[in-house]
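Below is one structure, written out as structure tokens, with a few remarks after it.
Values below: all heavy atoms of this structure, side chains included; hydrogens, waters and symmetry mates excluded. Note that the numbering runs from 1 along the sequence shown for the chain. Each ligand, and each atom within it, is numbered from 1 in the order the structure gives.
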Amino acid sequence: MFKRRKFIKKGLLGAIAISSAAAACESTATETPDTTDQQGPSDPVNPNSKAGTPVVIATWPHLPATEEAMRVIGESGRAVDAVEMGVKVVEADPKDTSVGYGGLPDRSGIVTLDACIMDETGNAGSVTYLKNILHPISVARLVMDETPHVMLSGSGALAFAKENGFEETDLLTEGSKAAYEKWLADHVDPKVDENQHDTIGMLAIDKNGNISGACTTSGAAYKLPGRVGDSPIIGAGLFVDNEVGAATATGLGELVMKTLGSFLVVELMRNGASPQAACEEAVRRISEKHLKGMDTPPQVGFIAINKKGEHGAYSLSEGFKYTIYQGEDNQVIDSEFELK
Ligand code: SD4
């Protein structure tokens with residue numbers, strides 16, 4: 001703690017972002033903070049985080065998606081409509097190889113999709129291992145709105161989608177087919193970095209101050225058939241509590257599932273952590289408990305917002321970016337990361 005305050009006094013802004021956030025996390029956990037000689041900000045600082053609503057934030061560079069979500073909010077739409085419409089932009093984008101149409105297949109060559117959505121009432125819907133449907137997020141929305149269940153999977157999810165008017169479509173593009181054929185030949189797994197674009201998790205606060213979130217993915221490229229990741233798991237890939245805030249995750253889903261990452265981030269915020277401090281603590285939990293024996297550190301990234309519209313973002317490895325639309329600015333920002 002002492003060293004961190006010295007850093008703040010020296011005015012090292014970059015260091016403040018990371019170190020003071022960690023200090024706040026510690027203090028919410030066990031200590032009463034001593035702020036008597038603190039001259040820096042009293043709250044953990046993400047230099048890009050400011051209060052203000054409405055706000056839309058998404059994992060990875062997805063400017064058209066946040067633009068679409070903010071358009072919905074601008075027309076006085078609900079946050080839940082905004083996040084559904086926003087992530088649909090990416091589901092339909094053939095160039096995004098981690099989501100929907102054009103997503104990379106499993107190792108048998110089949111694209112399977114996971115998605116979930118959660119609204120301001122705490123209601124939630126999810127689909128896993130869904131094949132041949134362009135917009136899994138809208139099927140998840142229907143599960144939430146029209147059934148007594150939270151999650152539908154595989155053939156049941158597909159039957160439900162078709163009964164409700166969704167048409168089957170081939171999700172493999174020329175590009176993803178060629179990538180799969182190359183993988184069959186050399187078996188080199190793609191790196192999860194900005195060039196992969198990756199999964200979209202999106203959080204939004206609308207003009208009424210209500211919070212919702214959505215997350216949609218084709219999952220880990222060349223996964224074992226039947227594998228489901230964190231993205232459709234409420235509490236892992238996404239969690240919303242309208243009184244506190246929301247969080248969503250991207251990266252190696254197994255690590256997010258083992259720590260119930262998004263729920264953890266929201267609970268840390270409930271206990272007083274800033275969104276930035278909460279994201280950092282969740283990443284450190286993974287780093288401390290789950291990286292043993294791994295040759296190459298994987299990527300995991302979290303983004304979070306609290307009720308005031310402040311945000312946080314943090315990842316295990318370098319390269320994670322996020323998109324935030326707040327006020328007049330729709331921009332992509334580099335996340336701070338843990339493994340230097
Ligand atoms: C998964 N978390 O299925 C998702 C995919 C992802 O980086 O975000 N990849 O594990």
Side chain or backbone, does [X] bring an N or O within less than 3.5 Å of an N or O on ligand 1?
X: Ala249; value: no
X: Thr250; value: yes
X: Leu252; value: no

Exercise. Using a 4.0 Å heavy-atom cut-off, say whether Met257 meets ligand 1 through its side chain, its backbone, both or neither.
Key: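 Under 4.0 Å from ligand 1, Met257 contributes no heavy atoms.
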With heavy atoms of [X] as the reference, note each atom of ligand 1 found under 4.0 Å away.
X: Asp230; value: 1 (C), 2 (N), 4 (C), 10 (O)
X: Gly219; value: 3 (O)
X: Ala220; value: 3 (O)
X: Ser231; value: 2 (N), 4 (C)
X: Thr217; value: 5 (C)

Quiz prompt | Separation between CD1 of Ile324 and CD1 of Ile333, rounded to the nearest 0.5 Å | solution =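 If we round to the nearest 0.5 Å, Ile324:CD1 and Ile333:CD1 are 6.0 Å apart.
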Got a salt bridge between [X] and [Y], using NZ or NE/NH1/NH2 to carboxylate O under 4.0 Å?
X: Glu168; Y: Lys162; result: yes
X: Arg71; Y: Glu68; result: yes
X: Arg227; Y: Glu254; result: yes

Quiz item: Which atoms form the tightest heavy-atom contact between Ser76 and Lys207, and what is the distance?
Solution: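 Minimum heavy-atom contact is OG-NZ, 3.7 Å.
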Exercise. Write down the atom of Leu203, the atom of Ile303, and the distance for their closest heavy-atom approach.
Key: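 That would be CD1-O, 3.8 Å.
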Quiz item: Going through the checks in order, is the side-chain hydrogen bond (donor to acceptor under 3.5 Å, both in side chains) test met by Asn210 and Asn242?
Solution: CA-CA 6 Å; Asn210 285 323; Asn242 201 43; 2.9 Å; yes
Practice problem: Report yes or no: do Thr53 and Lys308 form a side-chain donor-acceptor pair below 3.5 Å? | Solution: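 Distance-only check fails for Thr53 and Lys308.
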Exercise. Return the option from Thr112, Thr248, Thr199, Thr216 holding the heavy atom at the smallest distance from atom 8 (O) of ligand 1.
Key: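 Result: the heavy atom closest to atom 8 (O) of ligand 1 is in Thr199.
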Quiz item: Out of curiosity, is Glu254 lining ligand 1, as in a heavy atom under 4.0 Å away?
Solution: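 Contact absent.
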